[in-house]
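Hydrogens, waters and symmetry mates play no part in the numbers below; they use all other heavy atoms, side chains included. Residue numbers start from 1 in every chain, and the chains themselves are labelled A, B, ... in the order their sequence lines are given, proteins ahead of strands.
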Amino acid sequence: MAANDLPPRYDSKAVEKKWYEKWEKSGYFTPSIDSSKKPFTIVIPPPNVTGILHMGHALNNTIQDILIRWHRMKSDPTLWVPGVDHAGIATQNVVEKKLAKEGKTRHQLGREKFIETVWKWKEEHGSAIVKQLRRLGASCDWSRERFTMDEKLSRAVREAFVTLHERGLVYRGDYIINWCPRCQTALSDEEAVHQEIEGALYYIKYPIEGSKDHVTLATTRPETMLGDTAVAINPKDERYQNLRGKKVILPLLNRVIPVIEDDFVDPDFGTGIVKVTPAHDPNDFAMGARHKLSIINVMNSDGTINEHGGPYKGLDRFEARKRIVHDLETQRLFVKRVSHGHAVGHCYRCHTIVEPYLSKQWFVKMKPLAEKALKAHREGKVKFYPDRWTKVYVSWLENIRDWCVSRQIWWGHQIPVWYCETCKGQRVEREPVIARSEATKQSSEIASLPAVARNDGIIVSRTNPAACPVCGSKNLRRDPDVLDTWFSSWLWPFSTLGWPEQTQDLKYFYPTAVLVTAQEIIFFWVARMIMAGLEFMNEVPFHSVFIHGTVRVEGGQKMSKSLGNIIDPIEIIDEMGADALRFSLMMLAATDVYLSREKFEMGRNFTNKIWNATRFVLSNLEGFCELSDVGKLDRLSAVDKWILKELDQTAEEINKCFENFRFNEGANAAYHFFWSSFCDWYLELVKAVLMGQEAPERKRTVQAVLVYVLEKSMRLLHPFMPFISEEIWQLLKERVKSGVFNLETVMLASWPAPGFKDKFEKEVQSIRMFQDVVVGIRDLRTRLGLKPAEMLPDIRIGTKSKEATDAIGEFKSQISFLAKVSKISVEKEVKKTSGMIGRVYSDIEIFVAGLSPENLKAEEERTKKKIEELEGVIRGIENRLSDSKFVSNAPREIIEKEHARKQDLAQKLTAYRENLNLFKQ
RNA sequence: GGGCUGUUAGCUCAGUUGGUUAGAGCGCUUCCUUGACAUGGAAGAGGUCACAGGUUCGAGUCCUGUACAGCCCACCA
């Protein structure tokens, strides 16, 4: 055998680095715009600039890369736009933490200097994840890489905000928002993650004014009582009719507050009496509005009690809670504390319990946007895969609430709003504000809140104004807030392509084809992108949304840094290779992925298998091989045709799987074809040819088929395993002359289309029979305890079918090669003698004679068991066939099938029964 | 409280419109270092498809209910 200088183990490291650099440098990732062709575009879900690649990214980007590479091979102009998100709160937190280590705060630095520091941090650390995406093999067009804080994308953000304002879809108002006392910023409803916690209901007595009596009410947050401005009952509640028009005394502060009646109060909860704290609870805020209650904010932005909290001033909210409960106990106004599980909002970034907090924020009116998005869905313009996510999307849109978009941090897009200090106070024009909970039932009441005048010295502008357009004053102050990070993300599918400029990219590549993402950000991102696309581009940003599973650790937990259960994809790439990582993920990715390190061995073993199959093929080529069109060769044997057919069917199946986002099935098909069909059968079979005394033409044919199948396999595997497929394809290119190798890379080779449709059916059938015989003989060998090197002296195969006779006759030499048999005879009627055992197939029986008593005994048992099994199955079929309902209702082909099956099994049964007799002799 | 998903081999999971004897990987048993590969090869064992009903000639697959698990949504203080 020719010397082979390839190592027996695949070395992923060297290969991966080499090819990725070559691809990127050669510009293969950059499509050329061809107006005669329909492009295929994907925008990446931009990872956070603070992020490092985790398994979720690996899964998400592997799927995108598969789609991208597949389409590129189908010669669509294919664009994958990469980029990174500035991740306002997360990034600011990271940099602030770093400053804290140096003993500094952002306030010491000042805004300008701080933002400079963040940019510096970004330059130094922000490219970590894009480097890691390269290691994964992601074939993004890096020449179009974007960052949400790029000048052009910032311009898009500003354009979007101002446009929405012009359309009356942006407003500013005083509302209860979710406030994170740790991050010191407002959060949108989506950013306040509700988590079930084991809290408590505190029952407290409020004395009734002018009476020795009191009312008892229940609350989960006693500290907010400092801001109570009323107590409420349900007007229909019989029990409390006597409280009508009364006043109660707020304990601790001794404030006199009224008893109000409101339908909101649920008589069945707690005592049926509610304390009303308009500044610290959204419902109370609404009630306060309805009853024109005063609003007392008792907290500072850091969650400590402020000067309105009397003696509790300066205490943290939870400390204040303890002290208040204690003081109430002392005053005998505390009744009881009852455990009470309830959902409480937590900051999605730092997990601090958010405080419902009254403040002035900017909102986007979502209902008009959502209506467009719903309409687009009804018209089938955007489809979710799997379909069940549609419902999640629709129900969120139907119940949408306004979006609080201002954040009290520094890192982000500063809101393009200025306040004229001169105009301020001169309320020019009043206009009722549409409330945050417009979609909820309380909306009509909220609308009667004190209105904020829209032109009350507020300037919303595309460019930085030099003077107030109303009064000409230069005394302007810019709104210090920045926009929610998602306010730039939702523009991503078109801002990355140049919007608001009408660039060539935007015209050609928008809308994109598919969005690949995880379930967690359907609301945050997917739905909002659809709304933005429709609002600003008048077209959905993508036609398909593929929602893949969540990556979890074995055992079901989410993979997270804090749990310390991370499996780092880069470590897996280092150890086993990116291809192994990618392929393993795809094999597992049907639903949520539960990972353990061992699971990646599947992919690693597969890469090694591919590698070694290649070593075998290459070492069996003699010199430089010329590959003519295999399909035209008339020297193809049945096995050649069989493997070509299998290859065809696999290509077709993988294609279908990609079309339907069924990546695990596609990976399975590729795996099974390459390993079982190509390696286990075809390679083993052709060894007989390559090493035997076959005619040189036969050898050359086999070599051609080997190369042909291997080359096409590399194309099929390329989307899954870009690196090894390229490496092997290039190795073949060095040794083989063929049209396809005029190309530079397998990346640009065409996606295999079936070439042998409706052909080779007969050959496929006879190979199946041949495989039966080989497996049968091997089974017998194992049962007889033969050593691999030992030859079975005499195998007799009985068959009455002409096809089987022909097939076995044709493959005799291969059978003896694969199953180690010295003599094979095919007979119509095998003369059975005692001491023979056999295996029975539909058309074929295999016999071997001359066995030991122990072997015979074991085989007798086995035969008996087999007979019982067959009898059971046949009985079942007979029952069915004698059932008049079945016969009259089932389709004819099913009945025919059953008949044929019965006959088949009956024949087998007879054969086994005869065999059983052999043991009795 | 509402919604969604899952429950199939020891483990992790496939199973597209209902139709042969339900598949894969890992693990397990036996054998094999044979000239591509022990990250390998050959043969094999292992499943009343959570439970109870229903529709149907026929159900892992469709319907209803139950149990368990997980996820998402939700302002009952």
Side-chain angles (χ1 to χ4, degrees), chain A residues 1 4 6 8-10 176 194 201 217-221 224 232 264-266 268-270 273-277 281-286 340 342-343 345 356 388-389 391-392 395-396 399 437 440 442 519-520 522-523 550 552 554 556 576 580 584 587-588 590-596 598-599 601-602 604-620 656 660 662 664-665 668 671-672 679-680 683-684 687 691 775 778-783 785-789 869-870 872-873 876-877 880 883-891 893-895 897-898 900-901 904-905:
Chain A
M1 186 136 306
N4 192 334
L6 298 177
R9 295 225 172 153
Y10 171 61
I176 300 277
H194 283 83
L201 258 184
L217 49 79
T219 176
T220 53
R221 294 186 293 151
T224 62
F264 167 76
V265 180
D266 176 1
D268 296 327
F269 190 89
I273 305 180
V274 184
K275 60 194 263 322
V276 184
T277 323
D281 183 278
N283 296 310
D284 294 4
F285 182 73
H340 177 67
H342 59 142
R388 65 171 179 278
W389 297 111
K391 205 172 164 182
V392 175
S395 64
W396 185 73
N399 298 298
S437 42
T440 69
Q442 292 97 359
Q519 160 263 116
E520 292 98 70
I522 292 180
F523 307 141
T550 305
R552 294 169 205 283
E554 231 169 38
M576 311 190 193
S584 302
M587 286 286 271
L588 297 167
T591 50
D592 283 358
V593 188
Y594 291 79
L595 286 178
S596 63
E598 295 77 58
K599 290 203 168 150
E601 288 171 7
M602 192 198 301
R604 180 202 58 184
N605 294 355
F606 189 42
T607 54
N608 204 51
K609 190 73 185 177
I610 296 169
W611 181 248
N612 277 289
T614 305
R615 288 177 71 220
F616 174 82
V617 171
L618 290 177
S619 66
N620 280 292
K656 214 154 98 199
N660 296 300
R662 307 175 77 95
N664 70 311
E665 283 178 35
N668 237 308
Y671 185 87
H672 179 262
C679 293
D680 290 348
L683 292 191
E684 291 305 323
K687 278 178 185 172
M691 294 184 219
V775 170
R778 283 170 174 171
D779 184 21
L780 292 173
R781 295 179 54 89
T782 305
R783 288 178 192 291
L786 291 181
K787 297 277 165 201
E869 234 177 77
L870 281 170
V873 178
I877 299 174
R880 220 167 302 155
D883 185 344
S884 60
K885 284 185 197 158
F886 174 73
V887 178
S888 53
N889 285 325
E893 71 252 33
I894 296 292
I895 297 173
K897 242 183 190 173
E898 290 290 290
R901 215 177 122 220
D904 199 57
L905 293 173

Base paired to B:C57 (Watson-Crick or G-U; both N/O distances under 3.5 angstrom): B:G19
OP1 or OP2 of B:C32 under 4.0 Å from side-chain N/O of A:Arg781: no
Straight-line distance of A:Ile895 CD1 to A:Asn889 CG, nearest 0.5 Å: 8.5 Å
Sugar-phosphate, base or nothing in reach of A:Pro356, heavy atoms under 4.0 Å: nothing
Backbone of A:Val775 reached by a side-chain donor or acceptor of A:Asp779 within 3.5 Å: no
Distance between C1' atoms of B:G19 and B:G2 (Å, rounded): 38 Å
Interatomic distance, A:Arg615 CZ vs B:A38 C1' [rounded to whole Å]: 13 Å
Side chain of A:Ala890 (C-beta onward), nearest among B:C57, B:C4, B:A43: B:C57
Opposite nucleotide pairing with B:C75, Watson-Crick or G-U, both atom distances under 3.5 Å: none
Distance below 4.0 Å between A:Arg880 side-chain N/O and B:C57 OP1 or OP2: no
Side chain of A:Glu665 (C-beta onward), nearest among B:A14, B:A43, B:U39: B:A14
Sugar-phosphate only, base, or nothing, as touched by A:Val392 at under 4.0 Å among non-hydrogen atoms: nothing
C1' gap between B:A22 and B:A59, integer Å: 13 Å
Residue-phosphate contact under 4.0 Å: A:Arg388 side-chain N/O, B:C4 OP1/OP2: no
Nearest-neighbour nucleotide for the A:Arg662 side chain, B:C37, B:U16, B:C76 considered: B:U16
Heavy-atom side-chain contact between A:Arg221 and A:Asp281 under 4.5 Å: yes
B:U66 versus B:G23 - spacing of their P atoms, nearest Å: 34 Å
Whole-angstrom distance between B:G18 and B:C26, as gauged at atom P: 33 Å
Side chain of A:Met691 - closest among B:C57, B:G35, B:C37: B:G35
Pairwise C1' distance for B:U7 and B:G60, with rounding to whole Å: 12 Å
Presence of donor-acceptor pair under 3.5 Å, side chain of A:Lys391 and base of B:C4: no
Under 4.0 angstrom between A:Lys656 side-chain N/O and B:U16 OP1 or OP2: no
Under 4.0 angstrom between A:Lys687 side-chain N/O and B:U34 OP1 or OP2: no
Pairwise 5' ranking along RNA chain B for A:Gln519 and A:Phe269, keeping only the more 5' one: A:Gln519
A:Lys787 side-chain N/O to B:C32 phosphate OP1/OP2 under 4.0 Å: yes
Spacing of CG belonging to A:Leu905 relative to CD belonging to A:Glu869, to within rounding of 0.5 Å: 10.5 Å
B:C37 phosphate, OP1 or OP2, under 4.0 Å from A:Asn605 side-chain N/O: no
hbond_proxy A:Asn283 side chain to B:C75 base (donor-acceptor, 3.5 Å cutoff): yes
Rounded C1' spacing from B:C49 to B:G15 in Å: 11 Å
From A:Met602 atom CE to A:Leu588 atom CG, the distance as rounded to the nearest 0.5 Å: 5.0 Å
A:His672 side chain near B:G25 phosphate (N/O to OP1/OP2, under 4.0 Å): no
Pairwise side-chain contact, A:Phe886 with A:Glu898, heavy-atom cut-off 4.5 Å (strictly under): yes
Proximal nucleotide (of B:U39, B:A77, B:C57) relative to the A:Arg604 side chain: B:U39
Sugar-phosphate only, base, or nothing, as touched by A:Phe606 at under 4.0 Å among non-hydrogen atoms: nothing
Nucleotide nearest A:Lys609 (side chain, heavy atoms from C-beta), chosen from B:C57, B:A77, B:C37: B:C37
Closest-nucleotide 5' rank along RNA chain B - winner of A:Asn889 and A:Lys275: A:Asn889
Sugar-phosphate only, base, or nothing, as touched by A:Asp680 at under 4.0 Å among non-hydrogen atoms: sugar-phosphate
A:Lys609 charged N/C atom sitting above A:Tyr671 aromatic ring, 6.0 Å / 45°: no
Atom-to-atom span, CD of A:Glu520 to C1' of B:U5 - whole angstrom: 15 Å
Closest to side chain of A:Asp779, choosing from B:G44, B:A77, B:C57: B:G44
A:Tyr671, nearest nucleotide to its side chain (from B:A77, B:G25, B:A74): B:G25
Spacing of CZ belonging to A:Arg880 relative to CD1 belonging to A:Ile894, to within rounding of 0.5 Å: 10.0 Å
Residue matched to B:C49 through Watson-Crick or wobble contacts both under 3.5 angstrom: none
Touch class at under 4.0 angstrom, heavy-atom based, for A:Leu905 against every strand present: base
Between B:U5 and B:C37 - C1' atom distance, rounded Å: 41 Å
Check: B:A36 base within 3.5 Å donor-acceptor of A:Glu684 side chain: yes
Same-atom distance (P) from B:G58 to B:G53, integer angstrom: 16 Å
Out of B:G15, B:A43, B:G19, whichever nucleotide has its closest atom nearest the side chain of A:Val775: B:A43
